[in-house]
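To start, the structure itself, in structure tokens.
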Amino acid sequence: MAWNVVDRNTAGDLGPGISDAVRQKIRGFFDRYPTRRAVMLPALHITQEALGYVSLQAMRDVAEELEVPPSDVLDVVSFYTHFWTHPRGEKTIMVCRSLSCELLGGRELVEALKEKLGIGEHETTPDGRFSLMTEECLAACDHAPCMMINEKMHKCVRLDQLDQLLDDPDNDRLDMPRSDLYDAPGGEKPDYAALARQHGHHDEPAANAEDDDLGYTSDVGEMKDS
Amino acid sequence: MPYEQILMRNVGVKNSQSLKVYQQAGGYASAEKALKMSVEDLVEFVKGGNVRGRGGAGFPAGIKWGFLPKERETTYLCVNADESEPPTFCNRVLMEHDPHMMLEGILIAGYATRTNVAYIYMRGEFTEQFHIVQKAVEQAYEAGYFGTNILGSGYDLECYVHRGAGAYVCGEETGLIESLEGKRGWPRIKPPFPAIAGAFGKPTVVNNVETLAVLPHIIERGLDWWNGLGTANSKGTKMYCISGPVNRPGCYEAPLGISTRELIYGEDFGQGMRDGMKVKACSPGGLSMGFLRGDLFPENPSKGEVDLTSDYDELDCILDFDDVRRYDLLGLGTAAAVVVAEDTDIRRVLTNVCRFYALESCGQCTQCREGTAWMYKIAQRIEAGAGRSFDLDLIEEVTKNMGMMPGMSICGLPDGAAWPIRTLVQKFRAEFEQHLAAQAPNAAAERIIATNPAAYDLPVLQGRALQPSGGTYLVPKD
Amino acid sequence: MPKIIIDGKEIECRDGIPVLQAALEAGWDVPHYCYHPGLSVVASCRLCLMEQKMPHPQTKEMGWAPKLFPSCQTPVKDGMEVRFHSESVENNQKHVMEYYLLNHPLDCPVCDKAGECSLQDYSEKFGNATSRMVEDKHKNPKKDIGPKTLLYQDRCVLCTRCVRFADEIAGTGELAVVERGSRGEIDVFPGEPLANDLQGNVVDLCPVGCLLDKQFLFRQRVWNLQTVPSVSPADSSGACIWIDANDAGVHRVRPRFNERVNEWWISDEQRHGFEYVNREDRLTRPRIRENGQVRGASWEEIPAHLRAAFAGDGSAFVISPMLSNEEAWLLATFARQVAPNAVLACGHVPVEGQDRSFPKGFTIRAEKAPNRGGVERILAHFGGPQMSFDELCGQAADGTLKAVYVYGGYPAAWITPAQAEQLSRLDCLVVHDLFDGPLTERADLVLPAAPWTEREGSFTNCDGLVQAFERARPPRSGIKAEGQFFQELCGLPGLFRSAKIRTMLGESIADLAETFQPRKEPEHAH
């Protein structure tokens, strides 16, 4: 054909699937809801904790557990901004860019982080340590500008604190009793550095949508430029 | 403090999240009392308090419960803890400091609605709060406040925490239900309303965290106390949020009916603007409710009368369910104010607001899906210095079509998008026009103009009152 | 039946339908994308909004409510008054049409849907000539979502009809909406293409040029096609179809609404299975074997030849279930004219597996012939010696039968080598078929058949429903269509007209006379 067409008839590399332990944990949610499908979000959270992202194979596995077509899982994954369809780093930095934060320097914070980490939004540093994304309102407007590193909220972040913050190994650790309800079973964790080596970060815009993580970015970077 | 802290009484208290501390302050006594009442009496009692929902729409909770069909087998209670409206954080504060107050409210509401399963739908961004609430739920189970035969009453209630994953629209009650069911959070068409066919096709009540947290206090102190607080149609106490460049941003509780000015400048609230700046704009009810002009503008000479046609200071707006409408706001919303200082470029505010709705529109209804994205593009162009005065008319026209009046789309998101964008463009038009007249074309602007200069001269819809002002772009062409 | 007032005109409508459906059936042209009577209502395109008279909240006086209502989601109620022609309704239509075209590539010159696209139609009728967006358009990819279908995302209006079809009618759910807001796309899961047996319907359902059929891709401009109502011969369900054809052949088959059979849908087999009618290697000339030599024959010499060959004992006629009722009746009539004791047999009935039903009741029949029921009914009427095709082959082999007339007409090779061998021992074998095959090689007389697109008549479906089909194309040069040929054999004068024969047939077989006339299709969907 005269122009590029994305081929969906074959899948290519589907990435890693979920482990039996993850499946077991997902099944543990079944009796909380009257339908299996309702376990979708918990299942995807747990999957993402275990794999670092939600791979295509993981989507198929989750679909199998929940007895829905895989397209329904893809549908849900792509709708919610927190699910990554390509590998992310060990620590995901989520910067708030809503009005209160922007008025007090949120936009500058994102720019500074991009420069310091050398990555754009929804990208990962080559060593697999950090990924960056922005979020619409983290509901901490009283502490604007704010950002989260994994679970940990950092409040009233000043530009001159960034270096120190990024260097702190505990910058994502919650200093409080945690519930492991939505965690991966047995602390299952991906090898983030290996994932980053394998997939790299997207410096160049991909030639066509297929290479670029299926064309779904769960983010809206392209809108910003258009 | 002049205002009694009721919902926030435990904020700042050591270990306020623990069941022990909550019980020491009399916690769960109201639930015990409620479980001894008949369901009908309890519902009537809450109706008497006219507890208008705190989630934004202000719909009375008791009446909402009354919509449930008389004959029903299964009922679900969904707790809307998907607090996504910028710049709102009162639910966060509540759950962070006093999760048991919400849980007690769930127990009361669950009993009143004959629910056996309650889901707390918590937005994905709440991480610390998730752990706090989940731990609190576990404690409550241990203490017998959830589970079977609660406090010997024969009433059973399971309570589960369900985490979202980043979608503003899941705060809409049917979007929340869809999301709970494991689907994309596309709001449903109504009817049927959730009270008839909600989660999993069963009668469902969706209540906001703060609405539920109010219940134990009404039962404890009675209707007279509650109805003595607030204004004519807006009873009780409310957690107000204030953020932006004020001296003391935060969440402060007061009876409904304080003015915007008090929220910004009051000793018990924001304590004034940083560096003594003046307020250019204020969105007093959560972003979706629209903007007020700040005290940068001259005082309104006709005391009490609202004059929207002139650029007068509008901070006298009373933050209750009624007065806000006189200022062309959509409603009280979440009573979360954000202040824009005099030194902020209004174009940047517009871009930020437009972006929020463009990114969070769920994409079902055409007006919302396409309109928000288009306005975001226009706002970006205006900020980049390539605006046309026609663009302001265009944005206004799009917002009027999206939100000609509330309730014309499946959910309220397009109304919530139309109001702030339209009020910004209308109320701050003079500033936009100044910028348009003075703008210097930067690289971005040049590029946009280079793409299609002819398109700049397109007419407005034929037969409509809005005509382009001159039909030319305002970037100097030399 | 409730009565409602639309734009000041009172109409009567069916109970329980949405106002939009009532308006469409009464002849209003109300723009709409997401609504389809065969699918669930989502009310998301917001194009069919209407004004409705309601009691004023305070004064209770009836007046136009300031808010617009989606007519697809509002059920009709006796006495209700609505309007589609008012400033605010038309203003909304104008705006929504502008939104739809903001990011549309406007590539109508290369779009298959051009000419039958509701974006084009509605833009002209309800929209604007210009777009006021000066920014770059959002460009979406083109996707190959299945073996038979392409998805041009940049033309999509996100009405989600296709997604609902895959979920509700096909029950396979391959399609989904991905992403959200203005980035929303329709997609399949990679490696799980759209491949169910009803998937072609999404192309018809698509109101714009987003979903395209690979078979029809870039093949014809739709305004060069002539559309004829027909009935699908692909199985025994009797699905109603439209045939789109022109001088270059038959190009497309689309479903035709029939609430008693296929509703709005057809299977892929019914949709795509027509290509054989365009094959170059179809038989086009009668052939005769004389003294071991095969020569071309003229149609004029055939009747006399047949009368001579079949006059004696031991003659038999195989009447294929691919023939229409009228043709079958004429052929049987001729058979009994020429040889009163001729054996009549219903031809081979191809069967594949079991009937397959889909969630909302659409069924693909295992029997892959359109008219077994009709042929058997007619044979029963004629009575006399009859047998099955298998028995007939056996009797041909053991010499009981001398002369056999076999009508085939199947889209593909159909006879087993063993049966062909059995039939080759006859004194006279006449084969009337579409293509050369093992039987034509052995035949003494070969007659070229015309496919159903080049004939007219009626089929009796598996439930006994008789439905007429029209001729979409003239018979290919050299072919005499079956109806005409059989009529001449019977000695009936004039041109073959199926309606005329149907009347005659009805006089002799009363219950076949009630030819079902499908209800006028509600023109809403395409």
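In the text below, chain A, chain B and the rest are named by the order of the sequence lines, each starting its count at 1.
Applying the salt bridge (charged side-chain N to carboxylate O under 4.0 Å, His left out) definition to pairs two or more places apart or across chains, none involves residues 162-171 of chain B.
For B/Arg184 (side chain) and A/Ser78 (main-chain N/O), no donor-acceptor pair under 3.5 Å exists by modelled atom type. No donor-acceptor pair under 3.5 Å is formed between the side chain of B/Asn352 and the backbone N or O of A/Ser100. In this structure, A/His45 contributes its side chain and B/Gly164 its backbone to a donor-acceptor pair below 3.5 Å.
For B/Arg348, the parts lying near chain A are the backbone and the side chain together; criterion is any non-hydrogen pair under 4.5 Å. For B/Glu158, no part sits under 4.5 Å from any heavy atom of chain A, backbone or side chain. Looking at B/Ser179, the atoms closer than 4.5 Å to chain A (heavy atoms on both sides) sit in the backbone and in the side chain alike.
The side-chain heavy atoms of A/Tyr182 and B/Val161, taken from C-beta on, include no pair separated by under 4.5 Å.
Among residues 14-29 of chain A, no residue has any heavy atom closer than 4.5 Å to a heavy atom of chain B.
Rounded to the nearest 0.5 angstrom, A/Ser98 OG and B/Leu287 CG are separated by 6.5 Å.
Shown here for B/Pro249 and A/Asp142, the closest heavy-atom pair between the two residues is CG-O, 3.5 Å.
Heavy-atom pairs under 4.5 Å with chain B were tallied for A/Arg107, A/Met94, A/His143; the largest tally goes to A/Arg107.
Ring planes of B/Tyr160 and A/Tyr33: tilted class, angle from 30 to 60°.
Shown are A/Met176, A/Met148, A/Arg178; of these, the side chain to side chain contact (heavy atoms under 4.5 Å, CB included) with B/Glu128 is made only by A/Met176.
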